[in-house]
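Take a look at the structure set out below.
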Amino acid sequence: ESQLLSVSTSIIFPGNYRIGWGGLDRELVVRYPEETAAPNPAAVAPTVVTAPNFSGVDVVTGARITLSQFQDKTVLLIFVNYGCDPALNQKVGNQLIAIRDLAKQRSDFIPVSVFCGCCPPETLRKFARDNGLNWPWILDSDNSIVNRYASSLRKYGYPTLIFVDKDQVITAVAGYSNISTLNTRLDAMPK
């Protein structure tokens, strides 16, 4: 015999979750929201959103990093979680490797990774060094950076990719993306 069970919950990050209640044990899949176009793109005025500046320490080099230091450069902000959740590590690791491979093909952008405060710094350093990921890796220990970009993270979870143009304006936000999609989005950036 089956019963319909309705549970109200707030799961804001896409992914697979294991739900257990009483004798019930099931997997819940939360998918990325579908991208939808405005009904009449010509009638919608573009909104200019300046990327919030931040400051943090690169866990690999110890250097202080700010977003504003990359003024006049295209930046790909990569919000990720690595080392806290084994189920997420594979997906995040694949995204970081794809970005590394893309950065070898083109030199017109700078990747900057921002990790949530729960990520173990030694795990981040080892993964970056072992995989030749030579860009800033900021551990957001107090979640001050994550909080500034919370609306994008709520939509896409980890990883969230934020494309920032040379004027520090956010031009696109995406979830996990393959190299082809990353290329297309970077090609669309203002020159």
Side-chain angles (χ1 to χ4, degrees), residues 10-20 27-32 51-70 73-107 109-164 170 173-179 181-182 185-186:
S10 177
I11 297 177
I12 60 172
F13 296 115
N16 295 346
Y17 297 88
R18 181 62 74 200
I19 306 295
E27 182 173 308
L28 171 67
V29 178
V30 177
R31 303 205 186 282
Y32 288 99
N53 193 28
F54 58 80
S55 177
V57 175
D58 185 325
V59 296
V60 177
T61 66
R64 174 134 319 264
I65 304 295
T66 63
L67 180 60
S68 61
Q69 81 186 60
F70 300 111
K73 295 178 173 74
T74 297
V75 175
L76 175 57
L77 284 178
I78 313 148
F79 283 87
V80 283
N81 173 320
Y82 190 86
C84 308
D85 179 356
L88 195 55
N89 287 352
Q90 183 68 40
K91 183 176 186 179
V92 167
N94 289 343
Q95 182 68 85
L96 293 168
I97 297 302
I99 291 167
R100 177 202 63 195
D101 294 347
L102 184 62
K104 287 179 181 178
Q105 296 171 16
R106 49 190 308 163
S107 60
F109 77 102
I110 297 169
V112 175
S113 293
V114 178
F115 294 86
C116 70
C118 72
C119 299
E122 61 283 348
T123 301
L124 299 178
R125 278 190 286 277
K126 180 174 179 4
F127 188 81
R129 289 180 179 144
D130 288 354
N131 292 285
L133 305 173
N134 301 318
W135 61 75
W137 281 48
I138 300 167
L139 179 60
D140 187 17
S141 299
D142 64 358
N143 289 321
S144 62
I145 303 169
V146 166
N147 289 338
R148 289 186 183 124
Y149 291 87
S151 62
S152 297
L153 291 169
R154 271 190 219 96
K155 183 172 183 179
Y156 293 104
Y158 292 113
T160 292
L161 309 174
I162 299 179
F163 297 79
V164 180
I170 296 173
V173 179
Y176 183 92
S177 300
N178 62 29
I179 289 179
T181 301
L182 291 168
R185 289 193 184 268
L186 287 168

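Below, each value reflects all heavy atoms present in this structure, side chains not excepted, and no hydrogens, waters or symmetry copies.
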_Pairwise side-chain contact, L67 with V112, heavy-atom cut-off 4.5 Å (strictly under)_ = no

*Of all the heavy-atom pairs spanning P52 and I170, show the shortest one and how long it is.*
CD-CD1, 4.5 Å

*asked:* Which heavy atom of S152 sits nearest to which heavy atom of T160, and what is that distance?
replied: O-OG1, 3.9 Å

*Working to the nearest 0.5 Å, report the span between CG of L133 and OG of S113.*
7.5 Å

*List for me each residue that meets side-chain contact (heavy atoms from CB on, under 4.5 Å) alongside Q90, sequence neighbours excluded, and say none if there are none.*
N94

*asked:* Do F54 and I138 have side chains that approach each other closer than 4.5 Å (heavy atoms only, starting at C-beta)?
replied: yes

*State, yes or no, whether a side-chain contact exists between Y149 and L77 at a heavy-atom distance under 4.5 Å.*
yes

*asked:* Ignoring hydrogens, what is the shortest heavy-atom contact between N81 and N89? Give both atom names and the distance.
replied: O-OD1, 4.4 Å

*Can you tell which of Y158, Y82, W137, F79 makes a ring-ring contact (aromatic ring centres under 6.0 Å, His included) with F115?*
W137

*Work out which heavy atom in R64 is nearest to a heavy atom in V57; give both atom names and the distance.*
NH2-CG2, 3.5 Å

*Work out which heavy atom in I145 is nearest to a heavy atom in S55; give both atom names and the distance.*
CD1-O, 4.1 Å

*Going through the distances and angles, do F127 and L96 end up as a side chain to side chain contact (heavy atoms under 4.5 Å, CB included)?*
CA-CA 10 Å; F127 188 81; L96 293 168; 4.0 Å; yes

*For R106, all residues meeting side-chain contact (heavy atoms from CB on, under 4.5 Å), sequence neighbours excluded*: L102, D108, F109, N183, L186, D187

*Keeping the roles fixed (side chain from D142, backbone from S144), state whether a donor-acceptor pair exists under 3.5 Å.*
yes

*Stepwise side chain to side chain contact (heavy atoms under 4.5 Å, CB included) test for I99 and W135*: CA-CA 10 Å; I99 291 167; W135 61 75; 4.0 Å; yes

*asked:* Tell me if a side-chain donor or acceptor on R129 pairs with a main-chain N or O of V60 at a distance below 3.5 Å.
replied: yes

*If you look at every heavy atom in S177 and G175, which pair is closest and at what distance?*
OG-O, 2.9 Å

*Is any side-chain heavy atom of K104 less than 4.5 Å from a side-chain heavy atom of R100?*
yes

*Verify the distance criterion only: is there a donor paired with an acceptor across the side chains of T181 and N178 at less than 3.5 Å?*
yes

*Evaluate the side-chain proximity of L161 to Q95: yes if any heavy-atom separation is below 4.5 Å, no if none is.*
yes

